[in-house]
Amino acid sequence: MRLNLSIIKQFRKLYRINMGIDYFGALYALSVAAGGVVGYVKAGSTNSLVAGVAFGSLLAFGAYQTSVDEKNILLSFATSTVLGLIMGYRFFNTGKFMPAGLITVMSGLRMFFFVYKYALTPT
């Protein structure tokens, strides 16, 4: 299987230009926190509220850390991994895409970006 390297180079260039502020991390954190609030409002689930706000806060702080220092990814990566595993487990048990499947996909994308940027690209 041959990979088109020019597309990968363009992707790397685009991602590095936008790395000053971690917009994807901030959007991801906001989505997780908002999902917890929606779960509380719609179903009265206090667990959703607490987990959503807690994970959203950790992700927001991780996005801030990544915005300040691109290499400070530990909190964001760990939180994304844990949240992705939890929601992936829920998705495979229930088969419902919302919200577990969506958060699983977003967590996977987040982890992919970190692995691609810091483990697979030469410095």
Side-chain angles (χ1 to χ4, degrees):
M1 183 173 146
R2 191 166 201 178
L3 203 57
N4 187 349
L5 294 180
S6 65
I7 293 172
I8 293 174
K9 288 178 184 177
Q10 290 172 357
F11 177 78
R12 283 179 56 200
K13 185 177 178 184
L14 176 68
Y15 191 69
R16 285 190 179 155
I17 290 171
N18 293 333
M19 196 59 185
I21 297 175
D22 189 3
Y23 291 110
F24 182 67
L27 180 64
Y28 177 47
L30 184 63
S31 299
V32 169
V37 172
V38 168
Y40 176 74
V41 169
K42 288 182 90 172
S45 173
T46 309
N47 291 341
S48 289
L49 178 65
V50 171
V53 171
F55 275 105
S57 298
L58 287 171
L59 291 167
F61 186 66
Y64 167 75
Q65 287 181 325
T66 307
S67 296
V68 172
D69 179 12
E70 287 184 357
K71 295 184 181 191
N72 192 359
I73 64 168
L74 183 61
L75 179 63
S76 291
F77 186 75
T79 307
S80 297
T81 303
V82 170
L83 187 59
L85 290 172
I86 291 169
M87 296 304 269
Y89 177 77
R90 287 186 61 199
F91 173 64
F92 285 115
N93 281 339
T94 64
K96 296 180 182 177
F97 185 74
M98 286 299 288
L102 179 64
I103 296 299
T104 302
V105 169
M106 290 177 76
S107 297
L109 286 172
R110 186 84 169 138
M111 290 182 295
F112 170 78
F113 284 130
F114 285 137
V115 169
Y116 177 78
K117 184 159 181 69
Y118 295 104
L120 299 178
T121 55
T123 54

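Nothing here was measured: the structure is a model prediction, and the numbers come from that model.
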For Ala29 against Ala60, the heavy-atom pair lying closest together: CB-N, 3.4 Å

Heavy-atom neighbours of Leu109 CG exceed 12 at 6.0 Å: yes

Heavy-atom side-chain proximity of Arg110 to Ser76 below 4.5 angstrom: yes

Hydrophobic cluster of Tyr40, others only, ordered by chain and residue number, side-chain cut-off 4.5 Å: Val37, Val41, Leu49, Val53

Hphob cluster co-occupancy, Phe77 + Phe61, side-chain heavy atoms under 4.5 angstrom: no

Pairwise side-chain contact, Met87 with Met106, heavy-atom cut-off 4.5 Å (strictly under): no

Over 12 non-hydrogen atoms of neighbours within 6.0 angstrom of CZ in Phe97: yes

Donor-acceptor pair, side chain of Thr66 and main chain of Ile73, under 3.5 angstrom: no

Single-linkage hydrophobic cluster, 4.5 Å side-chain cutoff, Ile103 and Met98 together: yes

same_hphob_cluster(Leu85, Phe114) at 4.5 Å side-chain heavy-atom cutoff: no

Hydrophobic cluster membership, Leu75 vs Phe55, 4.5 Å side-chain cutoff: no

Contact check, side chains of Thr104 and Phe92, non-hydrogen atoms, under 4.5 Å: no

Pairs flagged by side chain to side chain donor-acceptor pair (under 3.5 Å) wherever residues 45-58 is involved - sequence neighbours left out: Ser45-Ser48

From Tyr23 atom OH to Leu30 atom CG, the distance as rounded to the nearest 0.5 Å: 14.5 Å

Transitive ILVMFWY side-chain link Ile86 to Phe91, under 4.5 Å: yes

Side-chain touch Leu83/Leu59, heavy atoms, less than 4.5 angstrom: yes

Where Ser80 and Ser107 come nearest, the two heavy atoms and their spacing: O-CB, 3.5 Å

